[in-house]
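What follows is a short report on a single structure.
Letters go in sequence order (proteins before strands), and every chain restarts at 1.
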Number of protein chains: 2
Amino acid sequence: MDGPPSYETVGRLSRYRRLLTRRVETGSEGVYSHELAAVAGVSAAQVRRDMMAVGANGSPTRGYNVEKLVECLSVELDDPEGSRAALVGVGNLGRAMLSFFQGRRPKLSIVAAFDREPYKVGRVVCGCRCYSMDEMSQVVIDKKITVGIIAVPSSAAQAVASELEDAGVRGILNFAPVALRISPETFSEDIDMTMALERVAYFAGRNS
Amino acid sequence: MDGPPSYETVGRLSRYRRLLTRRVETGSEGVYSHELAAVAGVSAAQVRRDMMAVGANGSPTRGYNVEKLVECLSVELDDPEGSRAALVGVGNLGRAMLSFFQGRRPKLSIVAAFDREPYKVGRVVCGCRCYSMDEMSQVVIDKKITVGIIAVPSSAAQAVASELEDAGVRGILNFAPVALRISPETFSEDIDMTMALERVAYFAGRNS
DNA sequence: TTCACGCTGTGAATTCATACACAGCCTATC
DNA sequence: GATAGGCTGTGTATGAATTCACAGCGTGAA
Ligand SMILES: NC(=O)c1ccc[n+]([C@@H]2O[C@H](COP(=O)([O-])OP(=O)(O)OC[C@H]3O[C@@H](n4cnc5c(N)ncnc54)[C@H](O)[C@@H]3O)[C@@H](O)[C@H]2O)c1
Ligand SMILES: NC(=O)c1ccc[n+]([C@@H]2O[C@H](COP(=O)([O-])OP(=O)(O)OC[C@H]3O[C@@H](n4cnc5c(N)ncnc54)[C@H](O)[C@@H]3O)[C@@H](O)[C@H]2O)c1
């Protein structure tokens, strides 16, 4: 079970790091797989498997060293040069994203926003400048942007995805409820909030 | 492979319905599994399996009747009396949710908002009244609310989840990046946007 | 020094979702 | 009426992710 961490593993690694970052502030030295498992909401065996995937090793008596582990996870997760993201669609959701991610993580930040509405272009939202769509390819190159976030209406999502790809972006986080047709070179992940809410309503009714 | 639709299947059913709703407006009579599969971004076999799960059947020559199918999916997905949701945390993300879901679907709507900030209580945001946290148990009963949406900071998420459960909610959509400890009676789904963005950045770098 | 405990690391088993592959069928066509 | 084509419905296979289960080990106690 070696090789690069899988899709699911990478997601959990991200969560582990966030939880451990909190814990390091409380001054804990070590953490056991079952402790991390409890706060992360997974099994202890799962945690140990994930640790194997990043080559972290713990001691049977002290568990995993928290600081070492955060460092190890960061080496795996963060690009050494950092990653920069562009947000397309400065609407309600887009503004929420901008406000949330501004200045949160040095290695991963939203450095540009795009919108087609002329009255939004040129404005600075949450410390992030909004550009016109025409400027995308230039801005993506200048700012070394590798990630795009699509927060436009679903009717515009496919066009935006293609523009992002053409500009050189290699990862897309898509909030629009459409299946994007993109090159297999480009990684994409969809977050469909409507689907999620409908699913919760479905199973809430079933568990009544 | 009978029995109730699985977690993943329910999610796809929701997506199918949305896609088919658009299609019915264009006047299409029937749809083949491979057509629906293409727009949904899944395989044709997957579509047919999902159709089996809801007991929908198509004809080898005409495919599935679109109107019948939407009806069939709605019978499966929608509670006959409708589902009503409460949003907790009228911040950036909460307001985006409110504006997006207002008046969108008759069988699933956000009918109340809650926040602890006194200056938000009593205001109407996107047609939805904001209540104080003290009013939760009463409002949940009065409005027959079965679903809760958690959009508060992660430090407050567990407390809010417990309050929602105590009030009688049986399904929770959680945006805070913490694993909720809730009764197994209650269904919960997490949407962790930070994790999703970190994952996209990770695989974007890898596919460079 | 010896022993017992509890955790790590990991092969094996299990579970679950998805994809394959084809029998059966309906329709259109000749 | 016979035939060919293409799609549905589904048993089976494949593949991936998770869990089980335990050997190995370091530590602290007796
Ligand atoms: N809670 C939510 O907000 C929510 C929930 C579920 C799904 N979504 C999805 O997220 C996406 C965004 O939702 P929202 O609520 O922020 O929408 P919104 O209407 O508030 O914002 C959309 C923004 O995109 C811009 N835009 C439109 N077409 C564009 C184009 N071709 N190029 C560039 N910019 C363009 C608009 O000017 C606007 O600023 C939608 O696809 C929606 O389906 C949102
Ligand atoms: N793009 C985003 O907005 C984004 C991205 C990733 C994660 N999240 C998560 O979503 C959640 C909400 O994010 P946000 O950006 O909307 O935050 P926000 O700070 O804009 O809003 C939080 C709201 O919750 C209210 N609140 C705080 N404590 C409360 C309590 N105990 N009871 C009731 N209300 C309370 C606050 O008054 C505020 O209105 C957070 O957990 C965050 O981690 C958001």
Listed partners of R116(B) passing side chain to side chain contact (heavy atoms under 4.5 Å, CB included), at least two apart =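 Listed in chain order: M133(B).
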Tell me the interatomic distance from [X], atom [atom1], to [N], atom [atom2], rounded to whole angstroms.
X	N	atom1	atom2	answer
N57(B)	dT8(D)	CG	P	11 Å
D50(A)	dT8(C)	CG	P	13 Å
H34(A)	dT19(D)	NE2	P	17 Å
E8(A)	dG15(D)	CD	P	17 Å
E35(A)	dC7(C)	CD	P	9 Å
Y32(B)	dC7(D)	OH	C1'	7 Å
L69(A)	dC7(C)	CG	C1'	15 Å
L36(A)	dC7(C)	CG	P	14 Å

Evaluate the ring planes of Y7(B) and F203(A), with Trp represented by its six-membered ring, and classify them as parallel (under 30°), tilted (30 to 60°) or perpendicular (over 60°).
->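 Aromatic pair Y7(B)/F203(A) classed parallel.
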Test for a donor-acceptor pair under 3.5 Å between the base of dT19(D) and the side chain of R49(A), counting only N and O atoms.
->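 Counting by modelled atom types and ignoring angles, a donor-acceptor contact under 3.5 Å is found here.
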Is [X] close enough to [N] that one of its side-chain N or O atoms is under 4.0 Å from OP1 or OP2 there?
X	N	value
Q46(B)	dA17(C)	no
R12(A)	dT18(D)	yes
S33(A)	dT8(C)	yes
S43(A)	dT19(D)	yes

Determine, for [X] against [Y], whether the closest basic-nitrogen to carboxylate-oxygen distance falls under 4.0 angstrom.
X	Y	result
D78(B)	R17(B)	yes
R18(A)	D192(B)	yes
K144(B)	E81(B)	no

Using the side-chain contact (heavy atoms from CB on, under 4.5 Å) rule, pick out the option among D50(B), L20(B), V42(B) that qualifies with L36(B).
->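 Exactly one candidate clears the test, L20(B).
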Could you run down nucleotides 21-30 of chain C 5' to 3' and tag each one B, S or - for protein heavy-atom contact under 4.0 Å?
-> B----BS---
So V88(A) and M136(A), side-chain contact (heavy atoms from CB on, under 4.5 Å) or not? Walk me through it.
-> CA-CA 10 Å; V88(A) 187; M136(A) 184 182 289; 4.0 Å; yes
Cationic tip of R104(B) above F100(B) ring, under 6.0 Å, 45° of axis |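 Output yes; distance and angle both within limits.
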For G30(B) and R23(B), which heavy atoms make the closest approach, and how far apart are they?
->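 Residues G30(B) and R23(B), closest heavy atoms: O-NH2, 3.6 Å.
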Per-nucleotide pairing state of DNA chain C [Watson-Crick or G-U, under 3.5 Å; [ ] pseudoknot-crossing; | other strand] | ||||||||||||||||||||||||||||||
